[in-house]
Peer 1: 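Below is a structure I'd like to ask you about.
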Amino acid sequence: MSAPGSPVSAVRTPVDLPRANRLINHGPTVLVSAMHAGRRNVMAAAWSMPVEFEPPRIAVVIDKSTYTRELVLASGMLALNLPCAAIVDLAYTVGSVSGRDDDDADKFERYGIGRFDGPALGLPLVEGCVGWLECRVIREPHAEAAYDTFFCEVVSAQADARVFANGRWSLRDDNAALHTLHHLGAGLFALPARTLQATRLPAR
Ligand SMILES: Cc1cc2nc3c(=O)[nH]c(=O)nc-3n(C[C@H](O)[C@H](O)[C@H](O)COP(=O)(O)O)c2cc1C
C-alpha cells in the first residue's frame, strides 16, 4: 500500500489558465524542462514568479551556463514542473548536474525520471510533480542577456487534485508528501506546511 499523499496515484487535473499563477504564487522551487530537435533536459530553478493574470504570464531565471537555456532559446518553449517533498532528491539532483555532460543518456534516462507529454506543446513533463505549466517564451533579448530572465505565456496548466483544488493549494497533514519545496540553500528545503487564513481588518 502506498503512503498517504504518495505521488504514485497522481490525479492530474487541468487548471484554468487565469488561475495558473496560483501554482507558483508562493515561490516554490520548479523544475524547468525543455526539448529541441530530439534533445530534452530538466533543471531546478528557485527563481520564478507570476507577472500577469490574463494572459497568464510568468518569469523565470535561467543562467547562461545551463544546457536548459540552450534548448529554451532554440525551441521558444519551456515547462515549469512543481516538485514535492516526495521527490526532493530528484529536484536537488537535476539542479546539481548539467545535461550538457550527458554522453548517451539524458537526465531523464540517467536518473530514471518518469515523464509524460504536455497537452499543449508536447513538452516532457516530470512524473511525481504536483503541478505543470507549459509555456511559450516571449522573447525579451535584453532581459535574457542582462538578467537571465525569461518571460513566458502559460498555455497549459495542470495540478494534482490531491493537493491543489478549486484554484488553490490545499496543504494538509494528510498530503504532506505532496507539499511544494522552497529552497533555503545547499540542498535544504522548507515546506509550506502551516497556512493561515487572513480576513480584512474592519475600517475604523
Ligand atoms: C534548488 C535549486 C535551485 C536552483 N535555482 C536556479 C535558478 O533559479 N536559476 C538557474 O539558472 N539555476 C538554478 N539552479 C542551478 C541549475 O539547476 C543547475 O545549474 C543545473 O545543473 C543546470 O542544468 P542544465 O545545465 O542541465 O540545464 C538551481 C539549483 C538548485 C539545486
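Start at 1 and go down the list; that is how both ligands and their atoms are numbered.
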Peer 1: Closer than 4.0 angstrom, basic N to acidic O: yes or no for Arg69 and Glu144?
Peer 2: no
Peer 1: Quick test: of every protein heavy atom, which one is nearest to atom 3 (C) of ligand 1, and how far off is it to 0.1 Å?
Peer 2: Ala46 N, 3.5 Å
Peer 1: Does Arg40 reach the main-chain N or O of Ala34 with its side chain, forming a donor-acceptor pair under 3.5 Å?
Peer 2: no
Peer 1: Got the closest protein heavy atom to atom 19 (O) of ligand 1, with its distance?
Peer 2: Thr66 CG2, 4.0 Å
Peer 1: What about Leu181 and Leu82, same hydrophobic cluster or not, with Ile/Leu/Val/Met/Phe/Trp/Tyr joined at side-chain heavy-atom distances under 4.5 Å?
Peer 2: no
Peer 1: Quick one: nearest non-hydrogen protein atom to atom 12 (N) of ligand 1, plus distance?
Peer 2: Met43 CE, 3.5 Å
Peer 1: Among all protein heavy atoms, pick the one closest to atom 7 (C) of ligand 1 and tell me residue, atom and distance.
Peer 2: Ala45 CA, 3.5 Å
Peer 1: Starting from atom 29 (C) of ligand 1, locate the nearest protein heavy atom and write down its residue, its atom name and how far away it is, to 0.1 Å.
Peer 2: Gly95 O, 3.4 Å
Peer 1: Would you kindly check if the NZ (Lys) or CZ (Arg) of Arg139 is within the cone defined by 45 degrees around the ring axis of Phe151 and under 6.0 Å from the six-membered ring centre?
Peer 2: no
Peer 1: Please verify the inter-ring angle class for Phe189 with His183; under 30° counts as parallel, over 60° as perpendicular, anything in between as tilted.
Peer 2: tilted
Peer 1: Select the closest option to atom 21 (O) of ligand 1 among Val30, Thr149, Leu71, Val97, judged by heavy-atom distance.
Peer 2: Val97
Peer 1: Do Lys64 and Asp148 meet the salt-bridge criterion of a basic N to acidic O distance under 4.0 Å?
Peer 2: yes
Peer 1: Does the residue Lys107 have a heavy-atom contact with ligand 1, meaning some pair of atoms that are separated by less than 4.0 Å?
Peer 2: yes
Peer 1: Among all the protein's non-hydrogen atoms, which is closest to atom 27 (O) of ligand 1, and how far away is it?
Peer 2: Thr68 OG1, 2.6 Å
Peer 1: Look up atom OG in Ser98 and atom CE in Met43, then write down how far apart they are to the nearest 0.5 Å.
Peer 2: 9.5 Å
Peer 1: Which ligand 1 atoms does Val61 reach within 4.0 Å, using its non-hydrogen atoms?
Peer 2: 7 (C), 8 (O), 9 (N), 10 (C), 11 (O)
Peer 1: Return the option from Ser48, Ala91, Ala44, Ser98 holding the heavy atom at the smallest distance from atom 16 (C) of ligand 1.
Peer 2: Ala44
Peer 1: Which ligand 1 atoms are under 4.0 Å away from a heavy-atom of Ile62?
Peer 2: 11 (O)
Peer 1: Just to confirm my output: which protein heavy-atom neighbour is closest to atom 11 (O) of ligand 1, and how far is it?
Peer 2: Asp63 N, 2.7 Å
Peer 1: Quick one: sort the Phe116 and Trp132 rings into parallel, tilted or perpendicular, breaks at 30° and 60°.
Peer 2: perpendicular
Peer 1: Any idea which atoms of ligand 1 are less than 4.0 Å away from a heavy-atom of Asn41?
Peer 2: 24 (P), 26 (O), 27 (O)
Peer 1: Using a 4.0 Å cut-off to any heavy atom of Trp47, which atoms of ligand 1 qualify?
Peer 2: 8 (O)
Peer 1: Decide side-chain hydrogen bond (donor to acceptor under 3.5 Å, both in side chains) for His182 and Thr29; before the verdict, give the C-alpha distance in whole Å, the side-chain angles of both, and the deciding distance to 0.1 Å.
Peer 2: CA-CA 5 Å; His182 302 258; Thr29 291; over 6 Å; no
Peer 1: Against heavy atoms of Tyr67, which atoms of ligand 1 measure under 4.0 Å?
Peer 2: 24 (P), 25 (O), 26 (O), 27 (O)
Peer 1: Which heavy atom of the protein is the closest neighbour of atom 1 (C) of ligand 1, given with residue, atom name and distance?
Peer 2: His183 ND1, 3.2 Å
Peer 1: Any luck finding a side-chain donor-acceptor pair between Arg172 and Ser170 under 3.5 Å?
Peer 2: yes
Peer 1: Which of the numbered atoms in ligand 1 are below 4.0 angstrom from a heavy atom of Phe189?
Peer 2: 1 (C)
Peer 1: Does the side chain of Val130 reach to within under 4.5 Å of the side chain of Trp169, using non-hydrogen atoms?
Peer 2: yes
